[in-house]
S.K.: 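Take this structure first; my questions come after.
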Amino acid sequence: MVLLFLGAFSVYKYNIIYAVLFERITDKGKSKRWALIAVSNKRLKQFFAIVKSGIPYNANRVSVLKIGK
């Protein structure tokens, strides 16, 4: 778990998706630590989804849920 949290430091700086999440949470008045935990949680959920589905990671993939809205 510590490695996920430490990895969140670089991920939110270099990945726009995580940067948007980080900024959205900090703009609501939450602490930076809270935002880093949220980034770590999102990464963990993505890791499990990739492993469970067996489909390789694709950064350009658009969620079916986003298309339907």
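What's counted below: heavy atoms across the whole structure, side chains too, no hydrogens, waters or symmetry copies.
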S.K.: So how far is it from I37 CD1 to L44 CG, rounded to the nearest 0.5 Å?
M.R.: 13.0 Å
S.K.: Which residue pairs pass the side chain to side chain donor-acceptor pair (under 3.5 Å) test with at least one member in residues 22-32, sequence neighbours excluded?
M.R.: none
S.K.: Can you give the donor-acceptor pairs under 3.5 Å from side chains of residues 7-22 to other protein atoms, not counting sequence neighbours?
M.R.:
unit_1 : atom_1 : unit_2 : atom_2 : d
N15    : OD1    : I17    : N      : 3.0
Y18    : OH     : Q46    : OE1    : 2.4

